[in-house]
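Remarks on the structure that follows.
Quick caveat, the model's predicted, so the values are computed rather than measured. FYI, side chains are in, hydrogens and waters are out, and symmetry mates aren't considered; it's all heavy atoms of this structure. Each chain gets a letter, A, B and so on, in the order the sequences are listed, and its residues count up from 1.
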Amino acid sequence: MMNAVRRDAWATFGFCLLLGVSIFVDTLRYPKVEGQGFGQGPAFYPQLLAGALMFLGALILLQGLHHKNNITSEEKADQEQGRVRYMPVILLLALCMILIALMNYVGFFVSGFLLTFLTVRLIRGSLRMHHLMTDLGFSLGMILVVYLVFEAFVGIELPASILFN
Amino acid sequence: MTGNGIMGTFDLIFAGLPTFYSFYSIFLVIAGSVLGIVFGAIPGLTATMGMAIFLPMTFAMSDINGMLFLIGIFVGACYAGSLSAILVNIPGTPSAIATGFDGYTMAQKGEAGRAIGYSTISSALGGLFGVLVLMFAAPVLAGLALEFGSQEYTGVALLGISIVSYISFGSTMKGLIGGIVGLLLAAVGQDVITAYPRFVFGSKDLQAGLEMIPVMVGFFGVTEVLTKLEQEKEVRIAVAKIGNVLPSLSRLARMSPVMAVSSLIGTFVGAIPAAGGAIASMAAYGIQKRFSKRSREYGTGIAEGVVAAESANNAAVGGAFVPMLSLGIPGDPQTAILIGALMINGLAPGPMLFATRPDLISTIYLGNILAVIVFTVVGLLGARSFAHLIRVPRHFLLPGIMLFCIIGAYAIRNTLFDVWVLLACGLAGYLLQKIGIMPAPIILGFVLGPILEDNFRRSLIMSGGDWTTFLTRPISLALLLINVFILVAPYIMGVFRKVRGRPPGP
């Protein structure tokens with residue numbers, strides 16, 4: 001089985017290669033500029049960076065492959081710390097995407113309130129009535145603070161609802 | 001004015017006094033410092049996050065007032081990181097890691113109040129020392145930088161990236177990869193020389209490039225929220241009781257050599273791009289421990305340990321302003337945000353700022369001094385209430401931060417496109433962290449990107465494509481050699497250690 005160092009090296013290499021190749025492919029269609037010396041075309045600089053990125057990715061892979069196949073102290077510490085929970089991260093990102101997409105329709109204050117309230121509920125995970133009421137109060141309070149600070153004081157026009165207007 | 005067009009040091013210090021001396025400006029420094037203390041004291045919140053979240057509030061302020069507010073947050077947070085390190089052994093900010101070595105042991109012995117007292121006073125004196133050095137060093141360096149051409153600026157920008165990579169958490173190569181990712185993000189939009197649109201994928205919003213604020217807030221704020229969210233539920237933390245805070249004058253006098261040496265180390269390390277308070281405090285603590293007569297007692301709860309770490313990390317704040325003001329190069333993520341704030345106001349940080357806006361430079365000095373005074377007063381008088389701050393539950397903290405991040409991203413151009421950029425950067429930061437590529441090098445690369453590309457390509461165009469142009473100018477050559485040394489030295493040292501049969505260092 002691959003240890004974490006090798007897995008990490010392959011992942012880093014894969015990322016660098018993917019990004020580097022994508023940049024090369026995209027920049028190939030950029031126009032060539034002649035006559036002012038080397039380095040003036042729009043593709044030159046990103047291609048240079050993409051090359052450096054892939055070179056570093058390859059070095060990291062080589063380093064990872066030469067690593068001894070033992071469990072490192074860092075891996076041991078990670079194992080002792082317990083498992084990572086990805087579900088709350090995915091749920092929060094999904095919630096953000098839905099509410100940002102809805103922001104133009106329901107307005108910032110409704111979607112901002114929903115985002116705050118649902119995130120508090122997601123993290124706390126308690127169904128007790130007094131927790132529910134506290135969370136509701138906190139979310140309303142946050143929206144009020146946002147309104148007073150950003151709309152009233154700073155003068156930023158937060159997205160209004162096209163449905164309610 | 002001197003021949004360079006930069007005012008004399010003393011004229012510069014007082015040039016902003018009429019603007020600074022207003023109720024509103026002073027109020028903003030105080031408010032910023034208190035906010036900074038809150039952000040620094042709560043474990044998981046950092047100075048960078050606080051500055052990034054509150055940056056949009058500065059849109060309603062003048063450039064000077066906005067800068068004062070952000071400086072307040074920066075300075076306040078750098079100090080307050082020590083509070084949670086002392087009270088619960090969780091450093092509020094990375095720069096307070098060394099403070100916990102002796103601070104928390106003192107708290108366990110029932111001396112939490114005394115540890116906070118020493119931490120507050122040494123932070124104040126270290127902070128003032130850093131500002132003093134800034135006042136005298138920055139104009140000199142700025143005068144020198146006026147002679148810089150494109151080749152030298154290319155070298156300075158590369159230096160920033162290589163030092164970030166060398167110093168940042170994890171491996172140097174991954175730091176470099178982060179820096180390159182930042183440089184590539186900065187390349188999105190119209191090419192600086194030909195105005196050809198790069199990586200815009202037909203989007204009109206991307207034509208002008210990625211806005212600094214959504215990218216910064218995404219990488220620092222949203223990434224942090226996602227990282228905290230994946231951890232197991234929070235553990236109840238026991239906070240030490242706080243007794244008498246004020247140390248006696250005679251004890252303080254005995255600590256003065258430790259304070260002086262640590263402040264000097266802190267300012268010097270802080271002035272190195274990307275080094276920051278964490279390295280400054282660790283270096284000062286390590287040196288004091290190595291050379292002190294009480295060397296063996298360090299780590300067992302002695303006040304000298306707290307004093308060494310705290311005077312260094314607060315002195316580093318003044319040091320970090322030196323490259324930012326004189327060269328326009330961010331010393332750390334916080335100064336990168338300050339550079340962003342200046343750019344939003346149409347100001348280009350760098351040597352010309354000393355000639356064109358001496359009032360702004362002066363208010364930065366004065367704002368730093370006032371912020372130090374504010375945290376000293378709050379630290380000594382409000383020590384007992386810090387215990388409550390540390391207990392803020394994360395189910396309220398994380399949603400609050402997320403909401404402020406979204407507003408911050410939206411506010412810059414009043415467009416939801418920037419909110420999507422924020423989310424994308426937050427997710428990218430979170431995933432890249434999984435493979436050891438941290439947000440700090442990415443952001444520094446993003447800030448340095450336009451400086452590097454513009455100067456690098458301009459140098460090549462002016463020299464007709466001759467790459468030796470970077471080697472024929474002495475300062476440019478020296479900067480390139482330093483770059484090579486920084487990147488290659490760890491590997492050469494590793495080879496030497498292997499040859500001598502010693503285990504490699506961290």
Please classify the contact between [X] and chain B as side chain, backbone, both or neither, with a heavy-atom cut-off of under 4.5 Å.
X	value
A:Met97	both
A:Tyr30	both
A:Phe108	side chain
A:Leu158	both
A:Ala9	neither
A:Ser139	neither

Does any N or O in the side chain of A:Arg6 come within less than 3.5 Å of the main-chain N or O of A:His66, such that one atom is a donor and the other an acceptor? no
May I ask you to decide if B:Asp466's main-chain N or O and B:Thr469's side chain share a donor-acceptor pair within less than 3.5 Å? no
Counting heavy-atom pairs closer than 4.5 Å to chain B, which one of [options] comes out on top?
options	answer
A:Leu115, A:Leu19, A:Ile60	A:Ile60
A:Thr116, A:Ile23, A:Leu118, A:Leu49	A:Leu49
A:Ser22, A:Pro46, A:Ala52	A:Pro46

Before accepting this row, confirm whether a basic side-chain N of the pair B:Glu453/B:Arg458 lies closer than 4.0 Å to the acidic partner's carboxylate O. no
Electrostatic pair B:Arg457:B:Asp191 at N-O distance under 4.0 angstrom: yes
If you count heavy-atom pairs within less than 4.5 Å of chain A, which of [options] leads?
options	value
B:Leu427, B:Val225, B:Leu432, B:Thr415	B:Leu432
B:Thr58, B:Leu431, B:Ile407	B:Ile407
B:Ser463, B:Ala60, B:Pro399	B:Pro399
B:Phe456, B:Trp420, B:Phe404	B:Trp420
B:Leu184, B:Leu452, B:Asn414	B:Leu184
B:Leu423, B:Val419, B:Thr227	B:Leu423

Please report the C-alpha distance between A:Val110 and A:Leu99 in whole Å, then the side-chain angles of each, then the deciding distance to 0.1 Å, and finally whether the side chain to side chain contact (heavy atoms under 4.5 Å, CB included) criterion is met. CA-CA 9 Å; A:Val110 174; A:Leu99 290 170; over 6 Å; no
Given a strict heavy-atom distance threshold of 4.5 Å, which part of [X] is in contact with chain A: side chain, backbone, both, or neither?
X	value
B:Met57	both
B:Ile437	side chain
B:Tyr410	side chain

For the student: nearest non-hydrogen atoms of A:Pro42 and A:Pro31, plus distance: CD-O, 3.6 Å
Looking only at heavy atoms, what is the nearest atom pair of B:Phe69 and B:Leu28, with distance? CD1-O, 3.5 Å
Return yes when atom CZ of B:Phe199 has more than 12 non-hydrogen atoms of other residues, nucleotides or ligands closer than 6.0 Å, and no otherwise. yes
Do B:Phe219 and B:Leu185 have side chains that get closer than 4.5 Å, going by heavy atoms? yes
Side-chain contact, heavy-atom cut-off 4.5 Å: B:Tyr196 with B:Gln190? no
Could you check B:Ile451 against B:Leu448 for side chain to side chain contact (heavy atoms under 4.5 Å, CB included), going step by step and ending with a plain yes or no? CA-CA 5 Å; B:Ile451 305 170; B:Leu448 289 170; 4.2 Å; yes
